[in-house]
Engineer: 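Please read through the structure below; I'll follow up with questions.
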Protein chains: 2
Amino acid sequence: MIINGQKKAYKVDEQLYHCGTAATMSFIGGKWKCITLWYLRKEPKRFSELKSLLPDMTEKMLSLQLKALANDGLIARKSYGNKAPYVVIYNLTEFGESLIPVIETITSWGKKWAEQKGELIEVD
Amino acid sequence: MIINGQKKAYKVDEQLYHCGTAATMSFIGGKWKCITLWYLRKEPKRFSELKSLLPDMTEKMLSLQLKALANDGLIARKSYGNKAPYVVIYNLTEFGESLIPVIETITSWGKKWAEQKGELIEVD
DNA sequence: CTGGATCCCTGAAGATACTG
DNA sequence: CAGTATCTTCAGGGATCCAG
């Protein structure tokens, strides 16, 4: 980002972002965050529900992503019970909801492209 | 992507995409592709122009990204002259242009967030 | 001027097994 | 049930030098 020959950047909590894109990508970049948020867009879900909805994601990655998303304030985690079996519910926060239109834009472009250039097939 | 209990995916040129998001991200994911396309959105630019607009990006990365974007059909490369100094112009293709609204959505969300939560400062 | 070639490093992601 | 703990692999990215 260069304004009047001066190099500028956004500074948020000691972190520099050289453009709006970089800021957004820090929230939804990487391989899994978008799709995780996407599955939470309508209603809260349990860990095991997400796991079965995302069979390609290892438990470890799911756990890491959920932790990161909660840390960014995009989702909230609530746990019930002090003995196994535990129940843990994840839901979007209002801040997380503000990202859904962005993800929707990304998803629908990809969907349209994939449907035009390829085909929907069964896997596994 | 699970439909009627059946796991599905898009198949495009032997490549599998488990959702629209993954497809889009294969084009604009990573640290540099979005911003590179963004700078080409209005008019074609030379390698050296892009280099000075993107001072944080090494020449190697710029070169790699331009090659990848051209390979994906998002930009076109035209070179003039058969002796040094060469002139090489990059411009968006129509396909590349179709992604600009997506990038715009991403950028404006990040911009709004950064302006609310942080500040614009000079760097370097 | 516009890159290519090479080496290196780190962090993201995967596999597998284990636990309160 | 909802995660941790290790170990490993690999691609993205950085630094530097080289070439037409």
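Residue numbers begin at 1 in each chain, while the letters A, B, ... track the order of the sequences.
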Engineer: What is the ring orientation for A:Y90 with A:F47, classed by angle as parallel under 30°, tilted 30 to 60°, or perpendicular over 60°?
Structural biologist: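 Correct class here is tilted.
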Engineer: Answer with yes or no whether the side chains of A:T107 and A:W38 bring together a donor and an acceptor at under 3.5 Å.
Structural biologist: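 Result is no, nothing qualifies.
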Engineer: For DNA chain D, what residues of residues 46-70 of chain A have any heavy atom nearer than 4.0 Å?
Structural biologist: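 Those residues are A:R46, A:F47, A:S48, A:E59, A:K60, A:S63, A:K67.
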Engineer: Go through it in stages, so that I can follow the logic: the residues are A:K11 and A:Q15, the test is side-chain contact (heavy atoms from CB on, under 4.5 Å), and I'd like the CA-CA distance, side-chain angles, deciding distance and then a yes or no.
Structural biologist: CA-CA 6 Å; A:K11 184 177 183 181; A:Q15 184 64 40; over 6 Å; no
Engineer: Tell me, with the steps shown, if A:K7 and B:D56 meet salt bridge (charged side-chain N to carboxylate O under 4.0 Å, His left out).
Structural biologist: CA-CA 10 Å; A:K7 193 170 151 194; B:D56 294 318; 3.0 Å; yes
Engineer: Could you give the CD1-to-C1' distance, from A:I89 to D:dC1, as a whole number of Å?
Structural biologist: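 After rounding, the reported distance stands at 12 Å.
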Engineer: Measuring centre to centre across the rings, with the benzene-like ring taken for any Trp, is B:F27 within less than 6.0 Å of A:W113?
Structural biologist: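 Close enough - the centres of the two rings lie under 6.0 Å apart.
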Engineer: Taking only the side-chain nitrogens and oxygens of B:Y90, find out if one of them lies under 4.0 Å from OP1 or OP2 of C:dG3.
Structural biologist: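 For B:Y90, the contact criterion (side-chain N or O under 4.0 Å from OP1 or OP2 of C:dG3) is met.
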Engineer: Just to be sure I understand the geometry, which residues of residues 5-42 of chain B put a non-hydrogen atom under 4.0 Å away from DNA chain D?
Structural biologist: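 Result for residues 5-42 of chain B: B:G30, B:K31, B:W32, sorted by number.
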Engineer: Using the salt bridge (charged side-chain N to carboxylate O under 4.0 Å, His left out) rule, take B:E49 and B:K51 through it: C-alpha gap first, then chi angles, then the decisive distance, then the call.
Structural biologist: CA-CA 5 Å; B:E49 290 181 280; B:K51 193 169 75 174; over 6 Å; no
Engineer: What integer distance in Å separates B:Y80:OH from C:dG3:P?
Structural biologist: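 Rounded to whole Å, this separation is 13 Å.
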Engineer: Measuring to OP1 and OP2 of C:dG3, would you say a side-chain N or O of B:R77 lies under 4.0 angstrom away?
Structural biologist: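 Yes, because at least one side-chain N or O of B:R77 sits under 4.0 Å from OP1 or OP2 of C:dG3.
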Engineer: Could you verify whether a donor N or O on one side chain and an acceptor N or O on the other, from B:S98 and A:W109, lie under 3.5 Å apart?
Structural biologist: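 There is such a pair (donor and acceptor under 3.5 Å, judged by atom type) between the side chains of B:S98 and A:W109.
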Engineer: Near B:K33 NZ, under 6.0 Å, is it more than 12 heavy atoms from other residues, nucleotides or ligands?
Structural biologist: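 More than 12 within 6.0 Å, yes.
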